Amino acid sequence: MLSMIKILVVDDSPSQQLGMKRIVERLGHEALTADDGVAGVAVCKAEQPDLVLMDIHMPISGGLEATRRIRAEFPAVHVLILSISQDDADLLEALQAGAGGFVQKDSSKAQFLRAIRLVLAGEAA
C-alpha cells in the first residue's frame, strides 16, 4: 500500500473524474479534481499534489499542454496520462511532454495501481 499522497484528477468527464476520485479515496489518499488543463495547472499551483492523473484529450486546454506546463513549473509533481486512445503517437507525445507514464482508462485496477506506484517512484509506466 502506498503511503498518504495527494493526487489530482484532471478530466473533463464528470463520471471519469468521479470514478478516479473514488479509487484514490478508497486507497486512503487525498483526491483533488479539475475539469481541464488550465484548472489543473491552477490546482497544482495552489495544492502542490504528488501526482496528477491527466486525461489526454480535453477542451480548453488538453492534457499534453497542461503536462508540459506542470512539469516546467512544478518539476517535483509526477504526471500519469490517462486515455482511451491506443495511438502510439499519443503515448510518444505524452512522454515528450514530461509524463511519467500512460495508462488506458479501461485498465484493471491492478494495472492502474501499478502505474501509479511506478510513476511516483520515478520510473516509466
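Quick caveat: nothing in here was measured; it's all calculated off a predicted structure.
Hydrophobic clustering, with ILVMFWY side chains joined whenever heavy atoms are under 4.5 angstrom apart, keeps Ile70 apart from Leu53. Follow the hydrophobic side-chain contacts under 4.5 Å out from Phe112 and you reach Leu120 in the same cluster. Residues Leu32 and Val24 fall into different hydrophobic clusters, defined by Ile, Leu, Val, Met, Phe, Trp and Tyr side chains chained together at heavy-atom separations under 4.5 Å. The cluster map of Ile, Leu, Val, Met, Phe, Trp and Tyr, joined by side-chain heavy atoms under 4.5 Å apart, puts Val79 and Phe102 in the same cluster. Leu80 and Leu64 fall into different hydrophobic clusters, where Ile, Leu, Val, Met, Phe, Trp and Tyr are joined by side-chain heavy atoms under 4.5 Å apart, directly or via other members.
With contacts defined as side-chain heavy-atom distances shorter than 4.5 Å, the pair Ile7/Leu27 does not qualify. Counting heavy atoms from C-beta on, the side chains of Met20 and Leu82 come closer than 4.5 Å.
Of the charged side-chain nitrogens involved, at least one lies within less than 4.0 Å of a carboxylate oxygen, so that Arg68 and Glu65 count as a salt-bridged pair.
A donor-acceptor pair under 3.5 Å is absent between the side-chain atoms of Gln17 and the main chain of Asp12, judged by distance alone. Remark: side-chain polar atoms of His78 are not paired, donor with acceptor, to backbone N or O of Leu51 under 3.5 angstrom.
Enclosure of atom CZ in Arg114 is not indicated, since only 12 or fewer non-hydrogen atoms of other residues, nucleotides or ligands lie within 6.0 angstrom. More than 12 heavy-atom neighbours from other residues, nucleotides or ligands sit within 6.0 angstrom of CG on Leu18.
Rounding to the nearest 0.5 Å gives a distance of 9.5 Å between CZ of Arg117 and CD1 of Ile5. Taken to the nearest 0.5 Å, the CD atom of Gln96 stands 9.5 Å off from the CG atom of Leu91.
Met54 and Ala66 get closest at one heavy-atom pair: CE-CB, 3.6 Å. Across Thr67 and Gly63, no two heavy atoms sit closer than the pair OG1-O, 2.6 Å. Annotation for Ala31 and Lys21: closest pair CB-CG, 3.6 Å, computed over non-hydrogen atoms. A pairwise comparison of heavy atoms in Leu118 and Ala124 identifies CD1-O, 3.8 Å as the closest pair. Contact detail for Val77 and Pro49: the closest heavy-atom pair is CG2-O, 3.3 Å.
Taking Glu30 as the reference, nothing meets the salt bridge (charged side-chain N to carboxylate O under 4.0 Å, His left out) condition, with sequence neighbours excluded.
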List the atom pairs, with distances to 0.1 Å, where a side-chain N or O of residues 36-46 and a protein N or O form a donor-acceptor pair under 3.5 Å, not counting sequence neighbours.
residue : atom : partner : partner atom : Å
Asp36   : OD1  : Val38   : N            : 2.9
Asp36   : OD1  : Ala39   : N            : 2.9

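Sorted by first and then second residue, the pairs that involve residues 49-62 and meet side chain to side chain donor-acceptor pair (under 3.5 Å), not counting sequence neighbours, are Asp55-Lys105, His57-Asp90.
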